[in-house]
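Report on the structure given below.
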Amino acid sequence: MPIERFEKVFIWISLLLLEVFFVAVLVAAFFGGIQLPAPGGLVDPEQLANTPPFDQPGVRQVGDGQYEVVMIAQTWQFIPGEIRVPVGSTVTFRITSRDVLHGFLIPNTNANVMLVPGQVSEVTTRFDKPGEYRIICHEYCGIGHQTMFARIFVEPTASETQARAQEE
Ligand code: CUA
């Protein structure tokens with residue numbers, strides 16, 4: 001069966017595009033650190049107050065520059081509502097919902113997961129720039145949805161603060 005010349009060209013272009021997209025996925029996965037969020041386990045949403053680690057939400061240092069943040073989402077807040085970590089930290093968030101479906105998005109990072117009651121969502125991100133970051137609920141969760149957010153303060157290290165003070 002003869003294939004028309006232009007048709008042949010477009011078949012090759014289509015195949016080439018598929019290759020390009022496939023390579024882009026591999027590059028993102030292996031060099032860009034972009035992955036699907038890892039399943040973090042199951043938990044009874046009614047027993048969070050008695051279930052470690054959710055009985056003590058907060059920030060813990062787990063290694064040099066490594067932090068773990070245990071968080072509870074509920075209508076319409078994140079607990080804790082403020083987190084402080086030094087710049088350069090790698091932070092693993094373990095989050096679950098106490099009531100309904102919520103979202104967890106930190107703009108301009110790879111952190112973007114859904115919070116499903118009964119499940120623990122886990123996501124790890126690194127904060128290389130100091131400043132204030134926001135955690136935003138991006139799943140509609142009721143009348144107060146648009147007010148549901150938390151703050152992350154990524155604080156400059158002592159030496160950076162000194163260097164800045166000297167500049168001024
Ligand atoms: Cu929580 Cu929207």
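Only a predicted model underlies this, so the values are computations on that prediction, with no experimental measurement involved. One-based numbering, in listed order, for ligands and for the atoms of each. Heads up: numbering here begins at 1 and tracks the sequence.
- Formation of a donor-acceptor pair under 3.5 Å by the Tyr67 side chain with backbone atoms of Val69 is not found in this model.
- Under a 3.5 Å cut-off, the side chain of Ser89 and the backbone N or O of Val91 do not form any donor-acceptor pair.
- When each of Pro80, Pro57, Pro45 is paired with Ile72, the side chain to side chain contact (heavy atoms under 4.5 Å, CB included) condition holds for Pro57 and for no other.
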side-chain contact (heavy atoms from CB on, under 4.5 Å) evaluation trace for Asn112 with His138: CA-CA 9 Å; Asn112 179 350; His138 65 323; 2.7 Å; yes
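- Results of the side chain to side chain contact (heavy atoms under 4.5 Å, CB included) test with Thr125 over Asn110, Thr92, Thr90 single out Asn110 as the only residue that passes.
- A salt bridge links Arg134 to Glu132: at least one charged side-chain nitrogen sits closer than 4.0 Å to a carboxylate oxygen.
- Excluding waters, the set of protein N/O/S atoms under 2.8 Å from atom 1 (Cu) of ligand 1 reads His102 ND1, Cys137 SG, Cys141 SG, Met148 SD.
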